[in-house]
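Inspection log for the structure reproduced underneath, given as structure tokens.
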Amino acid sequence: MSKRKSSIDKSAAIVENNEILLRLLCSPQFYDEQQGIVNIDVFDLRMLGSNGDIPEEYVSLGRNKYLNSPEEFKKYLLLGNIIKWPPNEPKNKFYGHGSFLCQDAREVHNMIEIHPLLKSKEYHIGLFYAKSENEYYRGPLPKDSNLEILEMLMDLADLLSVQKDTK
Amino acid sequence: MTIKDLDIESTTEFTSSPKQVLDEIKNMLHCALSSSQKWLASGAVIMSLMSLSASPESFVANVDTPQVDITLSSPQPIENPTISIASQSANQIKLAQKLNQLQALEKGWDGMNALKPHNKAIRQASMLISQLNDEILRFCTLFPSNDAGIYLQGKLPKGRLSIFMNGEVMAYIVKGASSKLSAIVDTNPTTINYLNQGILMYV
């Protein structure tokens, strides 16, 4: 994996440990209502871009403290509604969101870093997985060869308190 | 369809030679399996044929036993033979249905560019849920991964379970309050049996 310039805004204020953070659950496949289990893929790094050829460097999160009015919160959740679903999957729509404390996530594993992002709206931050100094994992994570990473994803998913927002 | 249906319980129509009895049974099974439901034959029948070849005398003894009832599966067509399970419990049926749903997912199921679950991973998950203990499966569900794999995840009474299947190997973690089991292994009856024993300690 080659080093590259990170998306982290090092000039911005750090994310406080007691902050409540949000993760959009942009698919019904991310949560089993009957069993109350969150898909650990919620915290994996994905492939982005129109051709799916750009590996994601961070998991996108919302900062609850900047979403304290119903209008702002609704606006944040609407990000889940602008996603383009496969045309033959009409039931496959925005699902909801999960919340957790920044400190709890950081305590899961020391490779987890949560930073403000360059050129980002203030409520938008990223959860990074440090591979070494100034080097971060890019998606998807090697879950099939690194048990430490599989365990980390499992522990992160367990932190989520899920709330359903399906339209 | 069962062996009973093929009317091979009675030995009266067979000759006295075990080899001839074996050939007769093989022929009858071959006829049945050559029909349009050939693909419905379960692994149990294949295993039986293998054991026949190895020891025809022992099979003749089994044929005389009225309890012989090897299920070949329902004669009704099923939509996807790769994820049918021979003797299903309610939990296995529920998970098989979930697996069917995952197999039907299209690329982009996460709203981005998540890949469609790979057929190899689907078959791997099918094998796993057909052999895991029902006391474990009742606490579990299946999920897709963005890179075409399948997760089996569970909230167990004494811990949590995550198994990731990529179509070739499975990486698993069972984690309790003060202990955990984890490994990356091939998916076969031996490793699944070991997994059963390990996970049951957390149920």
Side-chain angles (χ1 to χ4, degrees), chain A residues 24-56 60 79-89 91-95 139-158, chain B residues 91 94-95 97-98 101-102 104-118 120-121 124 137-156 159-175 180-187:
Chain A
L24 290 177
L25 306 176
C26 297
S27 170
Q29 299 299 337
F30 283 145
Y31 185 60
D32 184 312
E33 280 184 303
Q34 287 185 322
Q35 299 277 25
I37 301 175
V38 176
N39 183 347
I40 66 177
D41 216 60
V42 163
F43 285 104
D44 195 5
L45 299 169
R46 299 176 290 181
M47 298 300 290
L48 307 175
S50 57
N51 297 318
D53 51 358
I54 303 171
E56 194 174 54
S60 178
L79 290 173
N81 292 334
I82 62 173
I83 289 169
K84 294 178 181 176
W85 300 104
N88 54 351
E89 284 287 336
K91 294 179 183 175
N92 200 359
K93 56 189 179 184
F94 171 60
Y95 186 82
L141 294 170
K143 308 167 290 286
D144 50 358
S145 61
N146 189 328
L147 289 167
E148 201 174 6
I149 282 179
L150 184 66
E151 182 177 358
M152 177 186 67
L153 291 175
M154 180 168 80
D155 290 344
L156 276 173
D158 275 351
Chain B
N91 295 311
K94 185 183 70 176
L95 290 170
Q97 288 170 341
K98 183 77 186 279
Q101 293 170 9
L102 300 191
L105 289 176
E106 299 286 336
K107 183 182 177 187
W109 57 263
D110 66 341
M112 294 296 183
N113 291 294
L115 299 177
K116 176 182 174 65
H118 198 286
K120 281 185 179 179
Q124 197 181 10
L137 293 177
R138 61 190 288 223
F139 299 108
C140 293
T141 190
L142 292 161
F143 288 122
S145 77
N146 73 85
D147 50 355
I150 299 286
Y151 295 105
L152 179 82
Q153 291 180 227
K155 269 187 180 175
L156 311 174
R160 294 162 295 129
L161 167 69
S162 288
I163 303 176
F164 178 64
M165 293 162 277
N166 68 358
E168 294 178 359
V169 297
M170 60 177 181
Y172 68 83
I173 296 178
V174 201
K175 192 172 178 181
K180 71 177 176 186
L181 293 173
S182 64
I184 299 170
V185 295
D186 291 330
T187 309

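As the structure is a computational prediction, the values presented were derived from the model and not from experiment. Throughout, protein chains are lettered first and strands after them, A, B, ... in sequence-line order, and every chain is numbered starting at 1.
Counting only N and O atoms by type, the side chains of Thr187(B) and Gln124(B) include a donor and acceptor under 3.5 Å apart.
Contacts of Leu102(B) with chain A are made by side-chain atoms alone, with heavy-atom separations under 4.5 Å and no backbone atom involved. When heavy atoms are compared at a cutoff of 4.5 Å, Tyr31(A) approaches chain B solely by way of its backbone atoms N, CA, C and O. With a threshold of 4.5 angstrom between heavy atoms, Asn166(B) approaches chain A through side-chain atoms but not through N, CA, C or O.
At a threshold of 4.5 Å between non-hydrogen side-chain atoms, the residues Val169(B) and Asp186(B) count as touching. In this structure, the side chains of Leu152(B) and Met165(B) come closer than 4.5 Å at one or more pairs of heavy atoms.
Checked by atom type and distance alone, the side chain of Asn39(A) never pairs as donor or acceptor with a backbone atom of Val42(A) at under 3.5 Å.
The choice from Leu48(A), Asp44(A), Asp158(A) that makes the most heavy-atom pairs within less than 4.5 Å of chain B is Asp158(A). Contact tally against chain B (heavy-atom pairs below 4.5 Å) for Leu141(A), Leu153(A), Val38(A), Leu147(A): the top residue is Leu147(A).
Ionic pairing of Arg160(B) and Asp155(A) is present here: one or more N-O contacts between side-chain nitrogen and carboxylate oxygen are shorter than 4.0 angstrom.
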